[in-house]
Amino acid sequence: MLKENKKNWKERLHEIIYEADTPEGKWFDIILIFTILLSIIFVMLESVESIDSKFHNFLNIAEWIITILFTVEYIARIISINKPTSYIFSFYGIIDFLATIPKYLSVFFVGTHALIALRALRLLRVFRILKLARYLGASTKLLSALKASRIKISVFLFSVIVLTIILGTVMYLVEGPKNGFTSIPHSMYWAIVTLTTVGYGDMSPHTPLGQFIASIVMILGYGIIAVPTGIVTSEMTRQDAKIPTNTQSCPNCSCSKHLDNADFCHQCGEKLNHE
């Protein structure tokens with residue numbers, strides 16, 4: 001009986017912490033998001049010297065309270081699943097750990113307190129928490145398209161690097177040190193800035209030939225920007241299959257990428273909790 005109660009308690013804790021389908025789980029996650037936002041605001045306010053000088057003690061105490069709450073939550077996430085390492089070394093597990101330790105590190109190392117801003121990464125949970133299926137599916141589709149087109153994009157970036165080296169060398173020969181192009185690496189910096197249409201203006205060609213080359217580079221920049229967009233868009237149009245938006249988390253291994261209406265975890269075979 002005790003073992004059954006313990007199991008029920010553990011399943012109940014998992015349902016509240018990991019699941020976004022139940023009212024308790026949704027409220028838990030909404031409060032968590034609010035706490036993360038509050039923590040980030042405190043860090044921002046603490047960086048303002050005039051505010052920190054007046055409310056330093058309050059901000060410090062508030063941040064310690066939030067850090068302790070996050071520590072308790074992190075431990076609860078570990079003990080509520082059967083395979084803790086699957087959560088600890090998962091993407092969200094690492095993010096949660098990095099979001100918790102900065103305040104503790106600030107006791108021993110100066111300057112690490114600002115790393116608390118890493119907690120903003122935990123806001124990625126909002127897509128699962130509010131069950132924004134439409135956006136969750138779109139983001140998954142985009143990630144899949146980027147992964148599928150990584151080779152094409154790599155070849156494209158390599159071509160851009162080669163083009164940058166050529167343009168930097170040409171501009172160094174055409175303009176020379178007297179016009180600010182003091183070296184090939186420095187000229188490559190100009191080529192990158194011009195090719196990406198940023199145009200800081202700290203370097204500019206003065207000779208007619210240099211200005212003509214710069215004009216070609218600027219026009220070429222617009223075409224280069226369109227290439228990776230076209231590659232990714234092409235991959236996205238090929239993905240006609242419906243992307244799963246199931247938000248359930250496995251109570252055994254914490255895996256959350258399941259097909260819609262799945263009854264068992266595709267990773268470990270554990271039965272999923274349903275309402």
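In this text, all values refer to a predicted model and were calculated from it rather than measured experimentally.
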I need the [X] [atom1] to [Y] [atom2] distance, nearest 0.5 Å.
X      : Y      : atom1 : atom2 : value
Thr194 : Tyr200 : OG1   : OH    : 11.0 Å
Ile30  : Trp27  : CD1   : CH2   : 5.5 Å
Glu46  : Ser53  : CD    : OG    : 11.5 Å
Tyr74  : Ile17  : OH    : CD1   : 13.0 Å
Glu175 : His186 : CD    : NE2   : 13.0 Å
Ile40  : Glu63  : CD1   : CD    : 10.0 Å

Measure the shortest side-chain to side-chain distance between [X] and [Y] over non-hydrogen atoms and say whether it is less than 4.5 angstrom.
X      : Y      : result
Arg12  : Ile16  : yes
Pro205 : Phe212 : no
Leu45  : Asp52  : no
Ser204 : His206 : yes

Indicate every side-chain donor-acceptor pair of residues 157-168 with a distance under 3.5 Å to a residue at least two apart or in another chain.
{"unit_1": "Ser159", "atom_1": "OG", "unit_2": "Val155", "atom_2": "O", "d": "2.9"}
{"unit_1": "Thr164", "atom_1": "OG1", "unit_2": "Val160", "atom_2": "O", "d": "2.7"}

Quick one: closest heavy-atom pair of [X] and [Y], and the distance?
X      : Y      : result
Leu220 : Leu195 : CD2-CD1, 4.2 Å
Arg77  : Ile81  : O-CG1, 3.7 Å
Ser187 : Tyr172 : OG-CB, 3.5 Å
Ala191 : Val217 : O-CG1, 4.4 Å
Glu73  : Phe28  : CG-CZ, 3.9 Å
Met171 : Gly210 : CE-O, 3.8 Å

Hey, which of Thr67, Val72, Thr71, Ile65 is the one that makes side chain to side chain contact (heavy atoms under 4.5 Å, CB included) with Leu69?
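In the set Thr67, Val72, Thr71, Ile65, the residue that makes a side chain to side chain contact (heavy atoms under 4.5 Å, CB included) with Leu69 is Ile65.
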Have a look at Ile33 and tell me which of Ile31, Leu37, Thr35 forms a side chain to side chain contact (heavy atoms under 4.5 Å, CB included) with it.
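Exactly one pass, corresponding to Leu37.
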Tell me if a side-chain donor or acceptor on His56 pairs with a main-chain N or O of Lys54 at a distance below 3.5 Å.
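Absent.
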Hey, any chance [X] and [Y] share a hydrophobic cluster, counting ILVMFWY side chains that come within less than 4.5 Å of each other, even indirectly?
X      : Y      : answer
Ile219 : Ile213 : no
Met188 : Ile216 : no
Leu38  : Leu32  : yes
Val170 : Ile184 : no
Ile101 : Tyr87  : yes

Between Trp64 and Phe42, does the ring centroid distance fall short of 6.0 Å?
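No; Phe42 has its ring centre 6.0 Å or more from that of Trp64.
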Aromatic contact, Phe70 with Phe97 (centres under 6.0 Å):
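Aromatic pair excluded; centres sit 6.0 Å or further apart.
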List in chain and number order the residues that pass side-chain contact (heavy atoms from CB on, under 4.5 Å) with Ile79, two or more places apart in sequence or in another chain; answer none if no residue qualifies.
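Expected list: Trp9, Leu13, Ile75.
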Around atom CZ of Phe156, are there more than 12 heavy atoms of other residues, nucleotides or ligands at under 6.0 Å?
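Enclosed.
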Derivation of the ring-ring contact (aromatic ring centres under 6.0 Å, His included) call for Phe181 and Tyr189:
CA-CA 10 Å; Phe181 294 79; Tyr189 158 77; 9.9 Å; no
